[in-house]
Amino acid sequence: MMNYWLIKSEPDAFSWQEQIQNNIEPWTGIRNHQAKKNLQSMKNGDLAFFYHSNVGKEIVGIVRIVKEAYPDPTDPDQKWSCVDVQTVCSVPTPVTLKQIKAIPELQEVSLIKQSRLSVMPITPEHWKLLCNLGGITQADIKK
DNA sequence: GCCAACGTTGGC
DNA sequence: GCCAACGTTGGC
């Protein structure tokens, strides 16, 4: 059973362009219990939207989980977790927060309901809808 | 265990 | 720069 997620990054700190260049990236630095719980629920092969917070405020790409939760090396106490994500594809037409807020079917997404959460699940229905909005096809996300 | 004070995230 | 919505800290 495939799960879908959304992860946030401030492009000033780590942008989609850098993700593309690095290809595989350890998703470190998460210091929130709910976000940690979500990281630990991720399975290899799960897909996640890559969202630019603060600057852009739009879904710009899709990544795949390629290494399940392990201790975050940037945490001295090793009590926080991280996963590895791999670049899958860019979103041809980035989906903006403004767009999402304007669509009645998307009012329940955590991006809106819990605006401070940085790692969140996305339902399959919302995933499909957001892919359509972004111009993503099934072929784009098949390896 | 409560809660006031403080810090952070992130949209506007 | 402001502030709403959290999360954390520390005194009691």
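Order of the sequence lines fixes the chain letters, A, B, ..., with proteins taken first and strands second; residue numbering starts at 1 for each chain. These numbers come from a predicted model, not from an experiment.
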In whole Å, I'd like the distance from the [atom1] atom of [X] to the [atom2] atom of [N].
X: A:K113; N: B:dG11; atom1: NZ; atom2: C1'; value: 17 Å
X: A:I7; N: B:dG10; atom1: CD1; atom2: C1'; value: 17 Å
X: A:R31; N: B:dG10; atom1: CZ; atom2: P; value: 14 Å
X: A:I112; N: C:dA5; atom1: CD1; atom2: P; value: 15 Å
X: A:I30; N: B:dT9; atom1: CD1; atom2: P; value: 10 Å
X: A:K36; N: C:dT8; atom1: NZ; atom2: C1'; value: 16 Å
X: A:L6; N: B:dG10; atom1: CG; atom2: P; value: 11 Å
X: A:M120; N: C:dA5; atom1: CE; atom2: C1'; value: 14 Å

N/O (side chain, [X]) to phosphate O (OP1/OP2, [N]) under 4.0 Å:
X: A:H52; N: B:dG10; result: no
X: A:Y51; N: B:dG11; result: yes
X: A:K101; N: B:dC12; result: yes
X: A:K8; N: B:dT9; result: no

Please examine the side chains of A:V95 and A:Y51, heavy atoms only from C-beta on, and report whether any two atoms are closer than 4.5 Å.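 Answer no - side chains too far apart.
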Counting N and O atoms only, with roles assigned by atom type, does the side chain of A:H126 sit under 3.5 Å from a partner on the main chain of A:E105, one being a donor and the other an acceptor?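 Such a contact is found between A:H126 side chain and A:E105 backbone.
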With no hydrogens and no angle check, is any side-chain donor or acceptor of A:K36 less than 3.5 Å from a backbone partner on A:I30?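 The answer is no, because no donor-acceptor pair under 3.5 Å joins these two groups.
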Closest to the A:K57 side chain, choosing from B:dG10, B:dG11, C:dT8: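 Out of B:dG10, B:dG11, C:dT8, the nucleotide with an atom closest to A:K57's side chain is B:dG11.
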Residue A:L97, side-chain atoms from C-beta onward, closest of B:dC12, B:dG10, C:dT8: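 That would be B:dC12.
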Would you name the heavy atoms of A:E68 and A:V83 that are closest together and state the gap between them?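 Nearest heavy atoms, A:E68 then A:V83: C-CG1, 4.1 Å.
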From CA spacing to verdict: side-chain hydrogen bond (donor to acceptor under 3.5 Å, both in side chains), A:N38, A:S41: CA-CA 5 Å; A:N38 290 333; A:S41 302; 5.2 Å; no
